[in-house]
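Read the structure below first, then the notes.
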Amino acid sequence: MASSRRQYPFHLIEPKWQQYWEIQQIFRAWNPGEPVPENHPFAQRHGAHSMAAGRKAPPKFYILDMFPYPSGAGLHVGHPEGYTATDILARYKRACGFNVLHPMGWDAFGLPAEQYAVKTGQHPRQTTEQNIATFKRQIQSLGFSYDWSRELATTDPDYFKWTQWIFLKLYNSWFNPETNKAEPIETLKYPAELQSGSVGRASSRADSGDGSSVASPHQNLESARHAYRDSKRLAYVSEQPVWWCEQLGTVLANEEVVDGKSEVGGFPVVRKPMRQWMLRITAYAGKLLSDLDTIDWSDSLKEMQRNWIGRSEGAEVDFQIFGQTAKIRVFTTRPDTLFGATYMVLAPEHRLVDEIATEDRWQAVEDYRERTVRKSDLERTELAKEKTGVFTGAYAINPVNGQKIPIWIADYVLASYGTGAIMAVPAHDTRDFEFATKFNLPVVQVVQPLDPKTDWRGFVEDGTSVNSTGPEISITGLPTAEAKKKIAAWLEANGLGRKTVNYKLRDWLFSRQRYWGEPFPIVWKHGPDGQSHHEALPESALPVLPPELTDYKPTATGEPPLARAKDWVNLPDGSTRETNTMPQWAGSCWYYLRYLDSKNAYAFVGKEVESYWMSSRGHQSAPFSATEKNAPTNVGGYTPQGVDLYVGGTEHAVLHLLYARFWHKVLFDLGYVSTPEPFFKLVNQGLILGEDGQKMSKSRGNVVNPDDILADYGADAFRLYEMFLGPLQDTKPWSTRNVEGVYRFLGRVWRLFVDEKSETEFEQAETTAGTSSRACQSAEVRGFTSAATNLLNLIKLDSVIKDVTARPSQLKTLHACIKKVTEDLDGLRFNTAISALMVFVNEAMTWETKPVSVLRDLLVLIQPFAPHLAEELWAKLNLAFSLQPLALPYAPWPKFNPALLVESEMEIPVQVNGKLRDVIKVPADADNAAIEKAAKASEKVQPFIAGKTIKKIIVVPKKLVNIVIG
RNA sequence: GCCGGUGUGGCGAAAUGGCAGACGCACAGGACUUAAAAUCCUGGGACCGUAAAAAGUCGUGUGAGUUCGAGUCUCACCACCGGCACCA
């Protein structure tokens, strides 16, 4: 920073008010039934009994930030962008009379702390606590109005006790397709063969619903029932290939694997099958998709979730295998192209491959499968890669025309989607076409493009069916949509297939081989026959704490580090604990609910409290924004509810936001929460790039440290700058130079109020006292604050601030500002709200007399943006004019009065053929005829219309005149 | 390839279909100062003019269209950003 004089003493003002807010608990949010101390400003504004039972509480507003992962690097300038936006809104809503819930906490489990532990032996909890302390100090130095009494960390046993509790709810529930809801597992009826004493064909493993699992040779009824229930739970166990990283000695989640290498360190990873816990998120695919229509999120975000869920409508069709009893079921979105199916493809992992491959093809098939398994997903799906595959030797019968078509295996067909098998229609599918071209398979046209010039080869859009007549069914001549319907109906009627919906969404792999995560509340019981099964621990056993270890490395066998703690793992009754831990996403799935009632020892959240904050009519008492487009209201039969505004980065578009919605919906089905969606309105803040327009990164050396900005310009300037940068949602480059612009603005606000001479005296006194350094503040906070207050009291108000009635022009300036700032805050347009404040201040600087009333309103308007400066000036005004108002954060938001903006004259632009020629002044009450007359009389307009025929004159009332000439 | 978004001065940006460029940065000139910093005032899209003005012409990625009137609406195209990517 240029070593210039401070615009104003923010270095004293900011710590002073931050400490005041904390000691007075100014930003405590009050729960229903909670007694509010009489001297708290909330009580002064709303009444001491406003939250008492049976009283109608003030409307709530729940405004939430995505809580940060407290990394060792500390805060970067991207964090405060969202936090400032939410804080401004929180302060604005508080001033508008809402009971505002604005909490902060820590998403504190995670790999970095664990890796540090592996390297140094320092317990991850210690690392985590240090990082939280840094983050908290940095966040608090920005003056956010968080209710810190609700602070939580996902790593607190009091918190993850309830994460484990929710897991038990998932474990003890199943999804009932008939009610389309999660229900307690007890409501699950056993199939007929498990109801009597007979031992039936029960599947012994997680059942994917295709009824194909092989029955165990011998099981008694009890264990068969057990297995059946286990296969239906929302939390279940299955054997899954996962990413294993030898160098890191751990398994990695998909999102930690980038381009076939570990995101951390760039080490190679391999697929390895392991026993895993899964969460049945796929059961909710339909609801997760359709309920997007009921919430106010950006189009792009909703689209990302839609793509991730990936719904496609189509049909399943059974193909008889030639010469065998087995059938192959395929999924297709284009049943209308069935006549063009000239071959079939199975995924190499498809379970029928073994059965159908002929002897002469066996070796080729086996070789191909071998190669496929070794390939990573990346290699399999790599862009523009050549198609590969081998013929199995077997044939299938096309059910519509009886044709014998070859069955291939190829890795472009994924085992995990649909049925793992496709009918290939090379004429009308790009991938099938490539494959057919490479292996010389026949290509038969069955769809005619509407435009006859379009080549039908590789034509994948809708058209008209051709060559589609078989012995029993014909769809030739039908448009695609109708052809689909007709063929689907025929398939269904003949038992050959049925309409279905498929989703790309997969079940959520929920276990990690980590130390620093929530242990599962699960034990394994080992039967005498060598069989073992899992059982839930009772709620009374929660929280399940992780054992203390000295070595955090995963074991050589790939077992989780928890397995090292033998005393912890082995229980007296011979059972053993589950040694996996939950993924980092678990804690963030429900933290917004814990904030509501973070100290509750008896429930994850109290019922009444949940209902007040999540489903009382906050939106109705004050619409978020009347002007907002696309704000869904009352969609799907219920008023949108939940968190009123959630702000965070796009990086969580599909994972956190999908997982949290899923958990919330399960809790809703089970009756624990009162809304089907957690987040009513969600906004993604845009990325802040480096000064060079590149993404900020250490390697580029363009990272801006918030602490530096704070030291040079203060928190208020930092807040203001982040908001003035541009629209919240946009990506925008950082510019330290531009910080000076808003910093100067705050200096002008300061000089609008204070007497310059007294400030000079203050500066001399400060130099003598030597308290100018920020460093001394932490040492003796109280001493610092009283010294700072004494110094600041030397600064007096400007003598032209008087208790006089404001002039009409002054009121006009003020109310234009009130209007603009209010509307812009409702629309989250912080940058233009700030420019409106600048316009006001620029104007007010020229006033020879400054009415107190106007300046007080100004401070209420500025308070959300620059709270420290506003508080200091507010205090000075109150002192000088002996006022005893509410604490500034609770002072009512000024009400815009349109009558004050009325002018006696208005300016009307006059156009000739749409081109501006003059701006005329007419009386405010002039009617259209008078305006038209004045426009034609204008001297500047005359030359353009003289001698021309006037074809038409458009007068937009009070707005504009356009004279159209020939 | 598919989906979503964005294109406006030297820069960040602003404009319910109605005066394009508010507000701010940078810049230039002036005031204050021994001087500098800070502060205050003034100027500014481009072109063409002029001693200086005025007037005029052009101008919101490109090309068409709708309209009395388009940065804004429609269509096509181009560029950039983000997401997904053999999902049948």
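Each chain gets a letter, A, B and so on, in the order the sequences are listed, and its residues count up from 1. Scope of the values below: all heavy atoms of this structure, side chains included, with no hydrogens, waters or symmetry mates. This structure is a prediction, so every number in the text was calculated from the model and none was measured.
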note: A:Y743, atom OH; B:C23, atom P; distance rounded to Å ~ 23 Å
Contacts under 3.5 Å, N or O only, protein and nucleotides 4-7 of chain B:
none

Would you mind classifying the nucleic acid contact of A:R506 as base, sugar-phosphate or nothing, using non-hydrogen atoms under 4.0 angstrom? base
Using the P atom as the point on both nucleotides, what is the distance between B:A46 and B:U60, in whole Å? 15 Å
On a whole-Å scale, what distance lies between the C1' atoms belonging to B:G9 and B:G21? 7 Å
Let me have a per-nucleotide readout for nucleotides 65-83 of chain B, 5' to 3', with B, S or -, counting only protein heavy atoms under 4.0 Å. ---BS------------SS
Check every strand shown and say whether A:K951 touches a base, only sugar-phosphate, or nothing at a heavy-atom separation below 4.0 Å. nothing
Please tell me if A:R751 has a side-chain N or O lying less than 4.0 Å from either OP1 or OP2 of B:C40. yes
Indicate whether OP1 or OP2 belonging to B:C23 is found under 4.0 Å from a side-chain N or O atom of A:R829. no
Please classify the nucleic acid contact of A:N502 as base, sugar-phosphate, or nothing, using heavy-atom distances under 4.0 Å. nothing
Given the 90°-from-0 boundary between syn and anti, B:G49 should be labelled anti
Looking only at side-chain N and O atoms, does A:S312 offer a donor or acceptor that is under 3.5 Å from a partner on A:N502? no
At 4.0 Å (heavy atoms only), tell me whether A:S298 reaches a base, stays on the sugar-phosphate, or touches nothing. nothing
Among A:N702, A:T736, A:N738, whose side-chain contact (heavy atoms from CB on, under 4.5 Å) with A:E691 holds? A:T736
I'd like the P distance from B:G24 over to B:U42, given in whole Å. 12 Å
Dot-bracket summary - RNA chain B, pairs being Watson-Crick or G-U whose distances fall under 3.5 Å, with | when paired to another strand: (((((((..(((.....[....))).(((((.......))))).(((........)))..(((((..]....))))))))))))....
Expressed as a whole number of angstroms, how long is the span from A:M723:CE to B:G12:P? 18 Å
Once you apply a heavy-atom cut-off of 4.0 Å, does A:T333 come out as touching a base, just sugar-phosphate, or nothing? sugar-phosphate
At under 4.0 Å between heavy atoms, what does A:F944 touch on the DNA or RNA strands: base, sugar-phosphate, or nothing? sugar-phosphate
What's A:Q7 touching, base or sugar-phosphate or nothing? Going by heavy atoms closer than 4.0 Å. sugar-phosphate
Rounded to whole angstrom, note down the P distance from B:U8 over to B:C81. 14 Å
Rounded to the Å, how far apart are A:K958 NZ and B:C19 P? 17 Å
